[in-house]
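A quick write-up on the structure given underneath.
When a residue number appears, it is its place in the shown sequence, counting from 1.
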Amino acid sequence: MTEEFHIYSKLGCSHCKSLKQVFILKNIPFKEYRYPEDFKDKFFKDLFGRTATFPQVIHNGIKIGGASDTLKFMKENEII
């Protein structure tokens with residue numbers, strides 16, 4: 001099964017940029033969705049909660065969390 005990462009980001013977010021760089025440098029494919037071009041505020045809050053910050057990551061349909069949670073998940077699962 002192919003690993004599927006979906007990154008929900010927004011322009012100007014330094015954590016989003018840094019996390020995407022990890023994916024690019026490690027040649028890990030991902031699909032990016034950018035606010036507000038690809039989704040609106042209500043969609044984001046309904047999906048991740050009212051206090052969620054950018055970025056948010058979903059892996060194979062499971063919500064991982066923000067940048068630090070994603071890096072931790074990737075290390076624990078030997079993805080990076």
Side-chain angles (χ1 to χ4, degrees):
M1 180 176 161
T2 303
E3 306 261 347
E4 291 188 16
F5 286 94
H6 298 267
I7 301 174
Y8 291 80
S9 68
K10 72 175 181 177
L11 188 62
C13 168
S14 62
H15 294 290
C16 300
K17 184 177 179 179
S18 296
L19 184 62
K20 289 185 292 184
Q21 279 299 110
V22 171
F23 278 82
I24 292 166
L25 291 172
K26 296 293 185 177
N27 293 315
I28 301 168
F30 66 95
K31 171 83 173 140
E32 179 181 13
Y33 303 93
R34 287 190 190 164
Y35 174 83
E37 295 87 10
D38 299 321
F39 61 92
K40 302 301 179 207
D41 191 51
K42 181 179 179 351
F43 172 84
F44 185 79
K45 288 180 179 177
D46 287 348
L47 185 59
F48 297 108
R50 296 185 49 78
T51 60
T53 57
F54 289 94
Q56 288 295 312
V57 176
I58 294 177
H59 175 259
N60 291 335
I62 299 169
K63 296 175 197 170
I64 302 302
S68 59
D69 291 330
T70 300
L71 292 173
K72 179 181 176 189
F73 171 86
M74 293 170 80
K75 288 177 184 174
E76 288 174 350
N77 290 279
E78 299 179 359
I79 298 168
I80 58 171

Minimum heavy-atom distance Cys13-Phe54, with the two atoms named: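 Shortest heavy-atom contact: SG-O, 3.7 Å.
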
Closest non-hydrogen atom pair, Leu19 against Pro55: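 Here Leu19 and Pro55 meet closest at CD2-CG, 3.9 Å.
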
Aromatic contact, Phe44 with Tyr35 (centres under 6.0 Å):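 Not under 6.0 Å, so no.
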
Geometric class of the Tyr8/Tyr33 ring pair [parallel <30°, tilted 30-60°, perpendicular >60°]: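 It falls in the parallel class, under 30°.
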
Donor-acceptor contact below 3.5 Å, side chain Glu78 vs main chain Lys75: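 Answer holds: no.
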
Intermediate values then yes/no, side chain to side chain contact (heavy atoms under 4.5 Å, CB included), Ile58 and Phe48: CA-CA 10 Å; Ile58 294 177; Phe48 297 108; 3.9 Å; yes

Candidate list Asp69, Asn77, Thr70, Leu71, test side-chain contact (heavy atoms from CB on, under 4.5 Å), partner Phe73, passing option: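 The passing option is Asn77.
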
Residue among Ile80, Ile64, Val57 satisfying side-chain contact (heavy atoms from CB on, under 4.5 Å) with Met74: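 So, applying the side-chain contact (heavy atoms from CB on, under 4.5 Å) to Met74 and each of Ile80, Ile64, Val57, only Ile80 qualifies.
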
Phe30 CZ to Glu4 CD distance, which is reported to the nearest 0.5 Å: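 Result: 14.0 Å between the selected atoms.
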
Under the ring-ring contact (aromatic ring centres under 6.0 Å, His included) test, residues paired with His15 that sit two or more places apart: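 By the ring-ring contact (aromatic ring centres under 6.0 Å, His included) rule, His15 matches no residue at all.
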
Close side-chain approach of Lys63 and Leu47, heavy atoms under 4.5 Å: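 Yes - at least one pair of side-chain heavy atoms lies under 4.5 Å apart.
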
Side chain to side chain, Gln21 and Ile24, heavy atoms closer than 4.5 Å: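 They are in side-chain contact.
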
Pairs where residues 16-31 contributes a residue and the test salt bridge (Lys or Arg N to Asp or Glu O under 4.0 Å) is met, not counting sequence neighbours: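 Sorted pair list: Lys20-Glu32.
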
Salt bridge (Lys or Arg N to Asp or Glu O under 4.0 Å) contacts touching residues 44-60 (sequence neighbours left out):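 Residue pairs with at least one partner in residues 44-60: Asp41-Lys45, Lys42-Asp46.
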
